[in-house]
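First the structure, in the form of structure tokens, and then the observations on it.
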Amino acid sequence: MINRILGILVIGAATTASAGDGLSRHILERAASCWPTQTAMRGISFSADVHVSFTREGQVSAIEIVDVAPQTETFKALAKDFADALKQCGPYGTEGMSEMDLNLSWPP
């Protein structure tokens with residue numbers, strides 16, 4: 001089973017405050033550095049939407065996986081791995097934001 005993946009392309013990011021795509025991109029790129037790739041991911045397409053809550057210090061306090069495509073157990077596991085990477089790579093400079101929606105896609 002494919003356990004982890006590296007390399008994400010932000011195809012869109014909406015935030016509950018106006019921090020812009022730069023902050024979302026920075027957080028996704030930093031999380032990707034904690035999310036190793038397996039060569040088995042070649043030729044596979046995957047996307048996920050996650051809602052992230054942050055503490056005042058920029059640590060991830062909660063993550064909700066909103067959507068995964070395609071809807072299979074393997075890709076749901078990849079989305080969970082990404083959520084784990086988000087938690088491991090904190091704290092983030094969230095510019096005072098407490099929540100953020102992130103949209104990611106593989107391949108980059």
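For the numbers below, each heavy atom of this structure counts, side chains included, while hydrogens, waters and symmetry mates do not.
- To the nearest 0.5 Å, atom CZ of residue Phe75 and atom OG of residue Ser45 are 8.0 Å apart.
- For Lys87, there are no salt bridge (charged side-chain N to carboxylate O under 4.0 Å, His left out) partners, not counting sequence neighbours.
- The closest side-chain heavy-atom distance from Val52 to Leu86 is below 4.5 Å.
- Within the model, atoms CG of Leu28 and CG of Leu104 stand 6.0 Å from one another, a figure rounded to the nearest 0.5 Å.
- Taking OG1 from Thr74 and CZ from Phe46, the interatomic distance works out to 10.5 Å, rounded to the nearest 0.5 Å.
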Practice task
Applying side-chain contact (heavy atoms from CB on, under 4.5 Å), run through Asp101 and Val50 and close with a yes or a no.
Solution key: CA-CA 6 Å; Asp101 293 322; Val50 295; over 6 Å; no

Practice task
Using the side-chain contact (heavy atoms from CB on, under 4.5 Å) rule, take Glu95 and Leu23 through it: C-alpha gap first, then chi angles, then the decisive distance, then the call.
Solution key: CA-CA 8 Å; Glu95 299 177 12; Leu23 179 59; 4.3 Å; yes

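- The two residues Ala79 and Val68 have their closest heavy-atom pair at CB-CG2, 3.6 Å.
- The line from OG1 of Thr94 to CD of Glu57 is 9.5 Å long, rounded to the nearest 0.5 Å.
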Could you give the side-chain donor-acceptor pairs of residues 58-66 under 3.5 Å, partners two or more places apart or in another chain?
residue: Ser61; atom: OG; partner: Ser53; partner atom: O; Å: 3.2

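- If you take CZ on Phe54 and CD1 on Ile27, they are separated by 4.0 Å, rounding to the nearest 0.5 Å.
- Heavy atoms only, all atoms of each residue included: Ser24 and Met100 are closest at OG-SD, 3.7 Å.
- Closest heavy-atom contact between Ala31 and Phe82: CB-CE1, 4.0 Å.
- At distances below 3.5 Å, not a single donor-acceptor pair connects side-chain atoms of Arg56 with backbone N or O atoms of Ser98.
- Lys80 meets the side-chain hydrogen bond (donor to acceptor under 3.5 Å, both in side chains) test with Asp84; sequence neighbours excluded.
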